[in-house]
Amino acid sequence: MRKIFLGIMAVLLMASNLYAAGSCTQTLSVTSNPIMKTIKFVCTGDAANGSIPNTAISAANFTEIDGYYLYMVSAYPTSGGTAPDAADVTILHGTYDVLGGKGVNLIHATLQYDVIPYSTFFSSYRYWPVTAILTLAVANQATNSANFTIELIFVR
C-alpha cells in the first residue's frame, strides 16, 4: 500500500512540475506584403521562477519560412499581462546564436525593443538565411508568470 501511495505522490509531483513550467504559443502571420512573414511567440513564464523552455519553430511554420531570411526580432510585454524582467533572447540555429549576443536585455518591462541578426565573426549586422528550424531561448527572466511576446520577422 505504501508503494502505491508513494507512486501516486511521485506522479502528482511530476505533473505539478510540468503544469508549472512556462510556455510559448506560436502563430504565423502573413502580412499584406507577400515577401514578409512573422512568427509570434506569446509566452508566459513559469509560475515558480519565470523561465520558459527553449521553443523551436514548429515544422508547419518552418515550411512557411524555409528559404526566407530572419530580418528582425522584436520583444515586448504582452498587453494586460504581468510585466517581465529585463531578459536576454537568443535565436538558435543549432547551437549558434544568430543574434550574435545582441539579444541581451531585448525583453524590457515596459518597452518594445528590436534587433537584427549580427555576425560576431564579421562584426556586422546581416540577415540570416533560414535553412533549418530556429529555436527561441530566453535567459534571466525571473518574474513569476510574466507575460511577454517575441516576434520573428522574415523576408524574402
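All of these numbers come straight from a predicted model, not from anything done at the bench. Along the sequence shown, the residues carry numbers beginning at 1. Both backbone and side-chain heavy atoms feed into the values below; hydrogens, waters and symmetry mates do not.
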- Main-chain N/O of Ser58 paired with Gln26 side-chain donor or acceptor, under 3.5 Å: yes
Within the structure provided, determine whether [X] and [Y] are in side-chain contact (heavy-atom separation under 4.5 Å).
X      : Y      : value
Tyr68  : Pro129 : no
Trp128 : Ile91  : no
Ile52  : Phe41  : no
Ser29  : Lys40  : no
Asn105 : Asp88  : yes
Ile65  : Leu28  : yes

- To the nearest 0.5 Å, what is the distance between CG (Leu134) and CG (Asn61)? 11.5 Å
- Item | Residues which pass ring-ring contact (aromatic ring centres under 6.0 Å, His included) with Phe62, listed by chain and number, not counting sequence neighbours |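 Testing Phe62 for ring-ring contact (aromatic ring centres under 6.0 Å, His included), a comparison that skips the adjacent residues, returns none.
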- For Thr143 and Asp85, does a side-chain donor sit closer than 3.5 Å to a side-chain acceptor?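 Present: a donor and an acceptor within the cut-off.
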- Message: Using 30° and 60° as the class boundaries, would you call the ring planes of Tyr118 and Tyr125 parallel, tilted or perpendicular?
- Response: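 Taking Tyr125 first and then Tyr118, their aromatic rings stand perpendicular (interplane angle over 60°).
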- Set of residues satisfying salt bridge (charged side-chain N to carboxylate O under 4.0 Å, His left out) with respect to Lys102, sequence neighbours excluded: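 Partners of Lys102 under the salt bridge (charged side-chain N to carboxylate O under 4.0 Å, His left out) test: none.
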Show me the side-chain donor-acceptor pairs of residues 149-156 shorter than 3.5 Å, one per line, residues at least two apart or across chains.
{"residue": "Thr149", "atom": "OG1", "partner": "Thr78", "partner atom": "OG1", "Å": "2.8"}
{"residue": "Glu151", "atom": "OE2", "partner": "Tyr76", "partner atom": "OH", "Å": "2.6"}

